[in-house]
Amino acid sequence: MTYGMIATWRMAYEGVIHQSEHLADGSSAGDVLEGVIKEVEEFANFISVGYGGLPNEDGTVQLDAAFMDGTTFETGAVAGLENIKNPISVARKLSKERFNSFLIAEGAKKFAVKNGFEQEDLLTEKSKEKWEEKKKKIELKEMTPYDGHDTIGMVVLDKANHMAAGTSSSGLFMKKNGRVGDSPLPGSGFYVDSDIGGAAATGLGEDLMKGMLSYETVRKMEEGLSPEDAAQRTLEEFEKKLERKYGKVGAMSLVCMNNKGEWGIATNVEFTFVIATKTQKPTIYISNRSEDGQLIIEKPTKEWMKDYQGNLNNRIE
Ligand code: GLY
């Protein structure tokens, strides 16, 4: 009766702390996953997910999210959803639909409203200011658009051996109206099979979706690779292929967990993630790749944590 969860980025930490108690008490993987992601979506200072997410080039917040149940394969997703704070809950609701389980834009909003989700303005004053600043800089050619795409992606294993995976993201800052990233795409942004394990991705969606990295990571675990090897080989093999075929490789990170609660990650940038298992209390790690290509995973320093908190607080000053 082991259990555990792994989530992308430091922003998941508080949600993981709160939900790890429920996971230990026997809550389902789906409920725990939705609980963590909702908490991230609702915190305005996290500017790449949900409420307060950075807008597209027109100044509109458009959200992508997905939910997958690794036991039943029920999968739901939304893309370009506007004015709904918890796209993960809409995606989970959609996962119960036999047909029409992946909805976009107005159609996704219509489904959400019909199912009792409230409509609200998701653009905070701070995100609007950042949008205005960035627009000016782009006009002055001091900056290119398209940085900032920290998706919350996670995998949960519960005590009953059921697994769930999910994602939520406001996508690339200054994206074109209607642009969809990897996050809501099964196999690309997330994938889970309770008989094996699950994976989720974060990074540049346009590159991630070329490699179906979440599915590939799970497939490698099915072949017998440890989560650690599965994630790292998936990313390394794909980076080489992408470099050869496309000539450009964006930021990409993966988290995964198998159905024994063992976990792994891979990244080609500085990347934080959060783990909680039966034997490990919620822990933040910071990872990076050394110059000779080795994956380094360590606990963040006190200074790093202080800077992080400072940046977070600045967002609401
Ligand atoms: N990985 C999130 C996105 O590219 O939209």
Side-chain angles (χ1 to χ4, degrees), residues 6-12 37 40-41 46-58 60-68 77-82 84 87-88 90-91 102-105 108 122 127 130-131 134 144-155 165-192 198-217 231 234-235 238-239 242 246 248-256 265-274 287:
I6 184 163
T8 57
W9 302 112
R10 155 68 185 84
M11 64 184 159
I37 295 184
V40 175
E41 288 174 340
F46 295 143
I47 54 173
S48 55
V49 177
Y51 176 61
L54 289 170
N56 67 12
E57 66 173 10
D58 299 336
T60 306
V61 182
Q62 293 185 321
L63 305 173
D64 298 341
F67 174 90
M68 181 168 186
V78 291
L81 177 63
E82 293 178 16
I84 304 286
I88 187 64
V90 183
F102 188 164
L103 296 179
I104 61 160
L122 302 179
S127 291
K130 280 186 182 295
W131 175 75
K134 182 110 173 173
T144 53
Y146 313 139
D147 56 358
H149 38 78
D150 295 355
T151 302
I152 168 102
M154 64 183 301
V155 180
T167 56
S168 184
S169 179
S170 53
L172 289 185
F173 184 22
M174 288 288 177
K175 64 188 178 185
K176 296 277 179 216
N177 186 0
R179 179 260 185 195
V180 178
D182 60 300
S183 306
L185 306 181
S188 183
F190 65 96
Y191 196 78
V192 64
T202 175
L204 182 62
E206 281 75 1
D207 282 356
L208 285 161
M209 67 175 78
K210 293 178 174 80
M212 301 291 284
L213 298 189
S214 293
Y215 179 78
E216 180 59 17
T217 303
T234 296
L235 186 65
F238 180 61
E239 276 182 298
L242 196 60
Y246 191 64
K248 291 179 278 285
V249 177
M252 291 184 276
S253 308
L254 288 166
V255 295
C256 66
I265 70 123
T267 188
N268 62 2
V269 288
E270 183 179 289
F271 171 58
T272 53
F273 59 99
V274 181
S287 55

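Remember, it's a predicted structure, so these values are computed and weren't measured experimentally. Numbering of ligands and ligand atoms starts at 1, following listing order. Throughout, residue positions are numbered sequentially from 1 according to the sequence presented.
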Check your understanding: Any N/O of T151 closer than 3.5 Å to an N/O of ligand 1?
Key -> yes
Review point. Just which atoms of ligand 1 are under 4.0 Å from any heavy atom in D182?
Key: 1 (N), 2 (C), 3 (C), 4 (O)
Study note, to complete from the structure: In terms of heavy-atom contacts, D207 and K248 come closest through OD2-O, 4.1 Å
Exercise for review: Just jot down the ring-ring contact (aromatic ring centres under 6.0 Å, His included) partners of Y51, sequence neighbours excluded, or say none.
Suggested key: none
Review point. Taking only heavy atoms of G171, which atoms of ligand 1 are found under 4.0 Å from at least one of them?
Key: 5 (O)
Exercise for review: Taking only heavy atoms of S183 into account, list the atoms of ligand 1 that are under 4.0 Å away from them.
Suggested key: 1 (N), 2 (C)
Exercise for review: Answer whether the closest heavy-atom distance between the side chains of L63 and L122 falls below 4.5 Å.
Suggested key: yes
Review point. Who passes salt bridge (Lys or Arg N to Asp or Glu O under 4.0 Å) against E239, sequence neighbours left out?
Key: R289
Review point. Which of the listed options, M252, R179, E206, holds the heavy atom that is closest to atom 3 (C) of ligand 1?
Key: R179
Practice item. Identify, by atom number and element, the atoms of ligand 1 in contact range of G203, meaning under 4.0 Å from any of its heavy atoms. Key: 1 (N), 2 (C), 3 (C), 4 (O)
Check your understanding: Is the closest N or O pair between G205 and ligand 1 shorter than 3.5 Å?
Key -> yes
Review point. Are T202 and V255 side-chain neighbours, meaning at least one heavy-atom pair lies under 4.5 Å?
Key: no
Practice item. For side chain to side chain contact (heavy atoms under 4.5 Å, CB included), just list the numbers for I6 and I265, CA-CA rounded to whole Å, side-chain angles, deciding distance to a tenth of an Å, and then say yes or no. Key: CA-CA 9 Å; I6 184 163; I265 70 123; 3.8 Å; yes
Check your understanding: Short list, please: which atoms of ligand 1 are under 4.0 Å from a heavy atom of G181?
Key -> 5 (O)
